[in-house]
Amino acid sequence: MSEAPTLRQLLKSSSSLISSLSTHPSSNTPEYQSSVRDAISQLTTALDLVARASVFSLNESLDDVSTGDLPCLKITFSLADLYTKLSISTPFERKAALLRALQYYKDFITLLDAYDLVSATDRAAASNAGTGRPVSQLPTDPGQRRLAKIAQFKQEKELKGKIQQLEQGARLDEEEARELHIASLRLAVMQTTQQLEMITMELEMLKQAPPPEERERLREEQDERARQTKDDGYNERLDKIPNDIKGGALLNKDGKPLRPFTLLDKRQQLKDGVFRPGHSLPTMTIDEYLEEERRRGGIIEGGGEKSGEKPEMDLDDEEAVDKEMYKQREWDEFKEANPKGAGNTLNRG
């Protein structure tokens, strides 16, 4: 009888399985789903070993946790992430998997909160998840929300760069290994907040899905409709037209035409649209459009540069000429009585 794997062996094996998931071409392949389920089984066993051994205590700080035990803090996060990757056919099973992932994410935040690795925003997001309250703690103002997302993205990018730099080290001492694990935990906290928001949105959509009894009823109605259609003798196949209809069937069982026929409407419609431009063509010229707008009163005439031009005076109209002459004479007298700058009393000596 083989010995049960140790906690370190389970963590190493599950980590290898999780890393191999990125090499699969699709998440729906049997190999991918098999790796996901194997990793879930191993991490569940590892989580049980951690609980039985009492590896963590709420009375200790992060400095009291040994470097070798730090990866155990991330078990619940990895389990939650794996449950979201499960490929499930029915909405009921998908909802159950998401609820399990939601609980693991909340357990992860609760555990790290005891070691002061969780901010108040992340704590509030985990507390609101699954309660109907908003998970996102970002500002509601679009401008401030965008700035907050940019800052969050930069912080996540900085953590990923730091983790990548530490992982590229040939051999890490204890201090560097500890720094790597803590940076990985902080990144996992940020990703947890984002995943909680996505899970909440998907759960809301799954609430709109019909229950299994309703889906079964709809399926039976469709089957009944199909049977009635078959009994009525109606069929869209051209080789199944009854012989009592004028002309009989159009095609034989091999698909060869038995008599001439014409495909109408749809084929001609597609043919006419082959060389047609993708945009809508105009229905009137520019002149016709302007004339229609003028008729509806949409064009205001007048104004512009010509509105400032004075009409030419008719020199034969003596009354108009005398009126313009008196007007110019009054203007000249006004300018003589009020020279330019006469009202400026501030600059006088």
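Keep in mind it's a predicted model, so treat the numbers as computed, not measured.
- A side-chain donor-acceptor contact under 3.5 Å links S78 to the backbone of K74.
- For S20 (side chain) and L17 (main-chain N/O), a donor-acceptor pair under 3.5 Å exists by modelled atom type.
- A 4.5 Å side-chain heavy-atom check between L203 and L99 finds at least one atom pair inside the cut-off.
- Checking side-chain atoms of K162 against main-chain N and O of A183 turns up no donor-acceptor pair under 3.5 Å.
- Looking only at side-chain heavy atoms (C-beta outward), I40 and L86 come within less than 4.5 Å of each other.
- Counted within 6.0 Å of CD1 on I150, heavy atoms from surrounding residues, nucleotides or ligands total more than 12; the atom is thus considered enclosed.
- Looking only at side-chain heavy atoms (C-beta outward), Y104 and L47 come within less than 4.5 Å of each other.
- Side-chain contact between F108 and V118: absent, with no pair of heavy atoms (C-beta onward) separated by less than 4.5 Å.
- The pair K160-E156 meets the salt-bridge criterion, with a side-chain N (NZ, NE, NH1 or NH2) lying under 4.0 Å from an Asp/Glu carboxylate O.
- We find the CG-OG distance between N28 and S87 to be 4.5 Å, quoted to the nearest 0.5 Å.
- Within 6.0 Å of CZ in R145 there are more than 12 heavy atoms belonging to other residues, nucleotides or ligands.
- Of all non-hydrogen atoms in K85 and L21, the two that sit nearest each other are CD-CD1, 4.1 Å.
- Side-chain contact check for L70 versus L73: some heavy-atom pair is nearer than 4.5 Å.
- Salt-bridge annotation for E204 and K207: present, with a side-chain N of the basic residue lying under 4.0 Å from a carboxylate O of the acidic one.
- To the nearest 0.5 Å, atom CZ of residue R186 and atom CD of residue Q155 are 9.0 Å apart.
- A distance of 12.0 Å separates OH in Y115 from CD1 in I182, rounded to the nearest 0.5 Å.
- One N or O on the side chain of T200 and one on the backbone of L196 form a donor-acceptor pair closer than 3.5 Å.
- Formation of a donor-acceptor pair under 3.5 Å by the S13 side chain with backbone atoms of Q9 is not found in this model.
- With R295 as reference, E292 is the one residue of E291, E292, E293 to meet the salt bridge (Lys or Arg N to Asp or Glu O under 4.0 Å) rule.
- Summarising the geometry, atom OH belonging to Y105 is positioned 5.0 Å from atom CZ belonging to F77; distances are rounded to the nearest 0.5 Å.
- Counting only N and O atoms by type, the side chains of D107 and T110 include no donor and acceptor under 3.5 Å apart.
- With T192 contributing its side chain and A188 its backbone, the two residues share a donor-acceptor pair below 3.5 Å.
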For this session: Could you give me the CA-CA distance, side-chain angles and deciding distance for S61 and D64, then say whether side-chain hydrogen bond (donor to acceptor under 3.5 Å, both in side chains) is met?
Result: CA-CA 5 Å; S61 63; D64 298 329; 3.3 Å; yes
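- For the pair D116/L62, no side-chain contact is recorded, criterion being any heavy-atom separation below 4.5 Å from C-beta on.
- Residues F153 and L159 do not share a hydrophobic cluster, defined by chaining ILVMFWY side chains whose heavy atoms lie under 4.5 Å apart.
- Side chains of E324 and Q328: a donor on one and an acceptor on the other come within 3.5 Å.
- Residues Y289 and I286 have side chains not in contact (no heavy-atom distance under 4.5 Å, counting atoms from C-beta outward).
- Not one N or O on the side chain of S127 forms a donor-acceptor pair closer than 3.5 Å with the backbone of R123.
- Contact annotation: the side chain of I163 approaches that of L180 to within less than 4.5 Å [non-hydrogen atoms, C-beta and beyond].
- Under a cut-off of 6.0 angstrom, the local environment of CD in E158 is sparse, with at most 12 non-hydrogen atoms contributed by other residues, nucleotides or ligands.
- Atom-to-atom distance recorded for I199:CD1 and M201:CE is 12.0 Å, nearest 0.5 angstrom.
- Across R294 and I299, no two heavy atoms sit closer than the pair N-CD1, 3.9 Å.
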For this session: Could you walk me through whether L206 and L98 pass side-chain contact (heavy atoms from CB on, under 4.5 Å), step by step?
Result: CA-CA 10 Å; L206 289 175; L98 290 177; 3.8 Å; yes
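- We find the CG-CD distance between L11 and Q42 to be 9.5 Å, quoted to the nearest 0.5 Å.
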Exercise. Could you walk me through whether K327 and D322 pass the salt bridge (charged side-chain N to carboxylate O under 4.0 Å, His left out) check?
Worked result: CA-CA 9 Å; K327 182 179 179 181; D322 292 341; over 6 Å; no
